[in-house]
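Heads up: the structure comes next, in structure tokens.
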Amino acid sequence: MKDLAEHSVDAGAWLSQALQVLSLRMKHEVAITRALRGDDRNEGFLGLFVSDSEAETLLDTLSGRIEVEGTFATAEQIARAWDQLQSARDASLWGDCGAALGLSPFELDVLVLAAAPAIDPRFGRVYGYLNDDMSRRALTPALSQRLSLSGDVDALTVRRALHPKAPLRRFGLIDFEVRKPFIESVLTLNEGFLDDLIDPDSSPFNGLVVPPLPLATSATPLPPVIADHPGDPALPLLSAAAQDGRALAVLRGSDYTCRAALIADIRRAVLKGCHVCLDGFSEAQHPLCDTVEALIGPHLTVIQHRLSPWNTDVIPQKSSELPKSDAIEALQQVFGAPEPDLRNATSSRVFDIAFALRDAPPASTVMARLNADCVHSMAGLATPVLSTFEMKDLIVRQATKSALNQMISWRKQAGRILDDWKLGGTFGKTRSGTALFKGPPGTGKTMAAGIVGQTLGLPLFRVNLAGVVSKYIGETQRNLDRVFSAAEDADVILFFDEADAIFGQRSEVSDARDRYANLETSFLLQRMEAFSGLSILATNLHQNMDDAFLRRIDWVIDFPAPGPTERLALWERLKNGAAPVDTSVDFALLAETFDLTGGEIRNCALAAAHRAVQAGSEITTPLLYSAIAAELRKQGKPVRKSVFGDHYATLRGTW
């Protein structure tokens, strides 16, 4: 993006000098008008006209330090003064405006002529005099032709410069009030454009400027339109912009409902040296669809989608060899947000990721921005699972942890292997991934799912079986389809706890209910394969899962009941906090004596802590034994004297 500090001439200072020359040009024109009208003309309506002498006085003041001989400045003197300002204009933002927007010398003159009455009302009064109508104290096409500073222009040149598709009106530089005849229409300078010229940083910019990315690029030129791109349309744009060394200004349709705001941001982006990309404006229902169609041309690319009303037969198709993961990695570098690693955010569009990275927010904020629509769409069917645990916090057998790490690694590499290396098409493999966590309750399956999401930087959604499964025929399929459809264009992990409830075995068809139950399972198999994200299923009864489904599982990870080593580590977590624990507690003995799962140990530890608070004491061995006995009885398991030993008699008195 162009550094505005590079300009050696201030745009406001240059305009002040240009208005001085304009005052001389107008003084010359007033003298000619006076000569043509004759000295004896007097309208006689005080306040509705400017007299000859008043016009002379006004222009004497406006001409400032420039002194001319005689009654008016000659055309040669004006041309010489104007030529001296041209090199200064080229070194200011005015010069950038002409080059970037493709303005002719006459069109640049029009901007100065239109700016004059917006800066000083005295110019407007003289315009009224020259228009021979004091109700029109503004520039007109006829007057712009008369006052042109760059030489004589004909009426056809004026009409072309003021055509709706010419830069002056296309980029909203002037506001044009059409009248008949055309030559008498009113021209005024767009106030926002004037502010941008004088103070480029004063106005907000709703778009996102992406600087040229450090990418391996192709020589593909920046296209005017990208339609029905087979992948992500941002990739060829980013590649071409990087090759061209230009920044890319991305404007989203969801951010604009007002034509003036859109035109202003396009103009600001072009003036900063950016190539503009309009994304999300081509849907027929967008209020600015017609406006964008008229803007298609140099400096601007429109991403067109299938719902566009435009003619797609004449629009070129563009593709790119740029890997999506490389583009995402480069975006994270330029926006200073290296964490989380978003290369695995394969469902999100690259431009959506760029907007989410703006201002380098924390990891959770990035993912929340990317998946905001998904969260809303899955309301009632799935709930987010928040987890702050890391892999080091998970206490399971080493084989289980190794399998989890391998699954995470494979998922991170899926984009590069399947898309960038094109092995997905070779072997008929999509980006979908399904993992089955199987094991008894309380062995860490839910905690592991949260850790997977945390490590991959993807939010985890637990599918609400109560909201999904329905007794009405076909309703379960519709609910599940809503879940998958909402998650399809987002980067989330779907977590199905107690998965055997909806992924159960198909049975022999004996009635209509069996038939529809089998249809549900078949639908789930197809929908899971079509889903491009990661699904995790947890079950205590994996033997009840349908065999056809098990064949489609990518990872089956066992969560067996913890052994003595894992149980000891689980018990010793009591010492990680600030809870007062009696030093005489033998955690090793508890781990060896009681065959409990991680969930049961957690329940016992918390129950003992509550008992300690009630008793006003530390967490002692008797309190732990009491909590263990209560946990066993809750599950219908026996509390044996041979196991509890000396504590048995005390505990029995509390039953």
Side-chain angles (χ1 to χ4, degrees), residues 11 15 18-19 21-22 25-26 29 33 82 86 89 93-119 123-124 126-197 258-268 270-271 276 288 290-300:
L15 179 59
L19 293 183
V21 177
L22 174 60
R25 177 70 184 87
M26 292 170 66
E29 195 63 30
T33 302
W82 187 245
Q86 298 314 296
R89 181 180 68 185
L93 195 55
W94 289 88
D96 287 347
C97 177
L101 302 180
L103 300 176
S104 66
F106 171 69
E107 288 168 327
L108 285 170
D109 287 354
V110 170
L111 292 180
V112 174
L113 295 173
I119 297 294
F123 281 103
V126 179
Y127 280 2
Y129 172 84
L130 295 175
N131 284 326
D132 199 17
D133 182 355
M134 288 308 296
S135 66
R136 289 188 297 139
R137 304 185 184 194
L139 186 66
T140 64
L143 192 55
S144 67
Q145 182 180 359
R146 290 173 61 186
L147 296 178
S148 174
L149 295 164
S150 299
D152 295 334
V153 294
D154 56 31
L156 186 58
T157 299
V158 175
R159 198 171 187 99
R160 285 172 176 166
L162 299 176
H163 190 275
K165 291 189 176 181
L168 287 177
R169 294 176 66 184
R170 178 170 172 249
F171 290 107
L173 308 181
I174 61 171
D175 297 321
F176 194 81
E177 183 183 339
V178 180
R179 295 184 181 179
K180 291 183 179 181
F182 172 86
I183 205 72
E184 299 295 336
S185 299
V186 175
L187 306 177
T188 54
L189 190 72
N190 182 279
E191 295 285 351
F193 170 61
L194 182 59
D195 291 338
D196 289 341
L197 282 174
C258 171
R259 180 183 184 276
L262 173 63
I263 296 295
D265 274 349
I266 292 175
R267 181 180 65 237
R268 292 177 189 124
V270 173
L271 286 177
V276 180
L288 300 179
D290 293 339
T291 297
V292 170
E293 184 179 11
L295 287 170
I296 295 176
H299 313 295
L300 188 143

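Values in this document were obtained by computation on a predicted structure and should not be read as measured data. Hydrogens, waters and symmetry mates play no part in the numbers below; they use all other heavy atoms, side chains included.
- The two residues L189 and D175 have their closest heavy-atom pair at O-OD2, 4.4 Å.
- Expressed to the nearest 0.5 Å, how far CG of L162 lies from CZ of R160 amounts to 12.5 Å.
- For the atom pair CZ (R137) and CZ (F123), the distance works out to 15.0 Å, reported to the nearest 0.5 Å.
- N131 has its side chain within reach of L143: a pair of non-hydrogen atoms, C-beta onward, lies under 4.5 Å apart.
- Minimum heavy-atom separation, L93 to D196: CD2-O, 3.7 Å.
- For the pair L168/F176, no side-chain contact is recorded, criterion being any heavy-atom separation below 4.5 Å from C-beta on.
- Remark: side-chain polar atoms of W94 are paired, donor with acceptor, to backbone N or O of A11 under 3.5 angstrom.
- Considering only heavy atoms from C-beta on, I119 comes within 4.5 Å of L194 through its side chain.
- For the pair L262 and R259, the minimum side-chain heavy-atom distance is 4.5 Å or more.
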What do the steps show when you test V112 against L19 for side-chain contact (heavy atoms from CB on, under 4.5 Å), and what is the final call? CA-CA 7 Å; V112 174; L19 293 183; 4.2 Å; yes

Between V292 and L300, is a side-chain contact (heavy atoms from CB on, under 4.5 Å) present by the stated rule, with each step listed? CA-CA 10 Å; V292 170; L300 188 143; 5.6 Å; no

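- One N or O on the side chain of R25 and one on the backbone of R146 form a donor-acceptor pair closer than 3.5 Å.
- Closest of all the heavy-atom pairs between S185 and P141 is O-CD, 3.0 Å.
- Expressed to the nearest 0.5 Å, how far CD of E177 lies from CZ of R136 amounts to 10.5 Å.
- The closest side-chain heavy-atom distance from F193 to R267 is below 4.5 Å.
- The CD1 atom of I263 lies 8.0 Å from the CZ atom of F171; values are rounded to the nearest 0.5 Å.
- Side-chain atoms of L187 and L113, non-hydrogen and from C-beta on, never get closer than 4.5 Å to each other.
- Between A115 and L15, the closest heavy-atom pair is CB-CD1, 4.2 Å.
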The test is side-chain contact (heavy atoms from CB on, under 4.5 Å); show your working for L130 and L147 and say whether it passes. CA-CA 10 Å; L130 295 175; L147 296 178; 4.1 Å; yes

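- Judged purely by atom type and a 3.5 angstrom limit, E29 has no side-chain atom pairing as donor or acceptor with the backbone of M26.
- With F182 as the aromatic partner, R159 meets the cation-pi criteria of under 6.0 angstrom to the ring centre and within 45 degrees of the ring axis.
- Within the 4.5 Å cutoff, the side chain of I174 has heavy atoms near those of the L111 side chain.
- Smallest separation of non-hydrogen atoms from A138 and V186: CB-CG1, 3.6 Å.
- In this structure, the side chain of T140 does not engage the main chain of E184 through any donor-acceptor pair within 3.5 Å.
- Within the model, atoms CD of Q86 and CG of L108 stand 8.5 Å from one another, a figure rounded to the nearest 0.5 Å.
- Of the inter-residue distances, the one linking L103 atom CG with C97 atom SG reads 5.0 Å to the nearest 0.5 angstrom.
- Taking 4.5 Å as the limit, every side-chain heavy atom of H163 sits out of range of all side-chain heavy atoms of R170.
- Taking each heavy atom of P167 and G102 in turn, the nearest pair found is CG-O, 3.9 Å.
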Under the side-chain contact (heavy atoms from CB on, under 4.5 Å) criterion, do D109 and S144 qualify, and how do the steps go? CA-CA 8 Å; D109 287 354; S144 67; over 6 Å; no

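- The number of heavy-atom neighbours closer than 6.0 Å to CG of D154, taken from other residues, nucleotides and ligands shown, is above 12.
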